[in-house]
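Remember, it's 1-based here, ligands and their atoms both numbered in the order they're listed. Predicted, not measured: the structure shown is a model, and the values here were computed from it. No hydrogens, no waters, no symmetry mates; every other heavy atom, side chains included, goes into these values. Positions are given from 1, in the same order as the sequence printed here.
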Amino acid sequence: MFPVLLPADRVLLTAASLLWTRLFCSSLSVPDIPHIATYFGTKTRYEDAYPHLLQDVYSVNTSVLRPPATERCSPVHLTAVIRHGSRYPTAKNIRRIQRLSELVRTGASRGSAGSWLQELQSRWVMWYTEDMDGQLVMKGRDDLRQLAKRLSVLFPSLLSEENVRRRRITFLTSSKHRCVSSVEAFQEGLLLRGGGARGGDSEVEYSHQVDDELMRFFDRCRGYVEGVENNLTALQEVEKFKHGEEMEGVRRRMMERLSLHHEHLTPDLVEAAFFLCSYELSIKSLHSPWCFLFDDHDAKVLEYKSDLKHYWKRSHGHVINGLSSCPLFHHIFRNLDKAGRPRRSTEASPEPASVLVGHAETLLPLLSLLGLHKDQTPPTADNYHLQHGRSFRASRIVPYAANVVFVVYDCERGPRLQLLVNETPVRFPGLDTEDAPLYRDVRAVYRHLLDGCDFHKECEGTMVGRAPNIEL
Ligand SMILES: *[C@@H]1O[C@H](CO)[C@@H](O)[C@H](O)[C@H]1NC(C)=O
Ligand SMILES: *[C@@H]1O[C@H](CO)[C@@H](O)[C@H](O)[C@H]1NC(C)=O
């Protein structure tokens, strides 16, 4: 927290700094966490989305495992798809932050003494550099270690230390630095006894493979890249909302608070200020002065703006978004098939776990392919006011360290499958009465995908394996 210090010799307290003081002081009762921390979309901390973890980051509620009480069952396999942890902004966002910082600096030198702009200028120093480009931060390593520990408490027989040491668990990751660091941290978490920092176990031998075909399928699907990612028409709802009346209201209020000139503050810079609040929280656990520029209403509008983007660019908005994840879908079900098929007693038990680390852009298409988080009314630029109860909220679905876990149970009536999204039970569409339906019933629900969902066909003959990875 920054110190509450107003110069004693200040004669003219402007309305802006009075407001500042009031907002700041009222926040003292809730130390450290900005009131808007649950609206940061993919930049939300996991524990702000699931606040029981704020009390105890290792708290695990085993009642989330729900095979039928009438049957004897034991978990025999899990496949987990996990997003990397908290990270620095990407270079693109750092450049925006630089522009915003410049705007504040020049504005403050021209503005009246005691203005909000000057407060901001005196309380915050630009410290981001472009070379930080999206790398995992310390907190991000903690995110993954803590998640690993919680999951190992939930599944002691699958994610056991012994299974890690004997290399019975497969670890795959996207090639991005933040994901490789995350998969390492996850392995550390499985090997650590108790909480806290690394113990006497300094020589963790990591064992993971990089696989961008699985974890960054979106780069390789031409139908997706051309039809959606680089297609302004496909994303027009986002553009419309960005320049629509709700966003204009947020921009106007921010401008008034800062006494800035209208034309300088673009919607991109408004968003940069909002994200700054999120970064300072997720990287440094700071309640940044930037947070005071937004009230709840503003934060909800900005959250909606980024949800619109995720919806149209990565999720249900276009069928190809989900279909681009077909390779990952098939990979997962091949794992599950192996664990879920009947075995002779002489056969080796299946691989206990498979851990796949990727991006929000990996999880969202997969979840939409599975038919999850699909509201009746699609979010558009014009229906913000109808969307308050939507289930499609990136803040809840894909915060840092978000995870989707498929659990195969061996049960008396046959294998069963349960899905957990962020350690919370989620039911398969069409099987709405059971948390852990029979595996064959899940296969029946997804039959059309299991028999189809052909990446080459859906993505129009992209050159998988030969295509250059445009982001690397
Ligand atoms: C665990 O979760 C169940 C619901 O799934 C809830 O009823 C119970 O109170 C929780 N227990 C704890 C200790 O939080
Ligand atoms: C761009 O998106 C629009 C709307 O989804 C679609 O009709 C059009 O075919 C797309 N253009 C390309 C080049 O794929």
Short check: is a protein heavy atom less than 4.0 Å from atom 9 (O) of ligand 2? no
Can you list the ligand 2 atoms lying under 4.0 Å from a non-hydrogen atom of H318? 5 (O)
Of all the atoms in ligand 2, which lie at a distance below 4.0 Å from a heavy atom belonging to A234? 2 (O)
Determine, step by step, whether E271 and K242 satisfy the salt bridge (charged side-chain N to carboxylate O under 4.0 Å, His left out) criterion, reporting the C-alpha distance in whole Å, the side-chain angles of both residues, the deciding distance to 0.1 Å, and the verdict. CA-CA 10 Å; E271 201 170 52; K242 186 168 157 184; over 6 Å; no
F241 six-ring centre to K305 NZ/CZ under 6.0 Å and within 45° of normal: no
State if Q236 counts as touching ligand 2 under the rule of any non-hydrogen atom under 4.0 Å. no
What I want to find out is whether E351 reaches K338 closely enough, with some N-O distance under 4.0 Å, to be called a salt bridge. no
To which of T233, V228, N231, L232 does the heavy atom nearest atom 2 (O) of ligand 2 belong? N231
Check this for me: does any side-chain nitrogen of one of D441 and R416 sit under 4.0 Å from a carboxylate oxygen of the other? no
Of all protein heavy atoms, the one nearest atom 14 (O) of ligand 2 is G227 CA, 3.4 Å
Provide, to 0.1 Å, the distance between atom 13 (C) of ligand 2 and the closest protein heavy atom, together with that atom's residue and name. E226 O, 4.2 Å
Taking the six-membered ring for Trp, are the ring centroids of F292 and H287 within less than 6.0 Å of each other? yes
Tell me whether the count of non-hydrogen atoms from other residues, nucleotides or ligands lying under 6.0 Å of CE in M126 goes above 12. yes
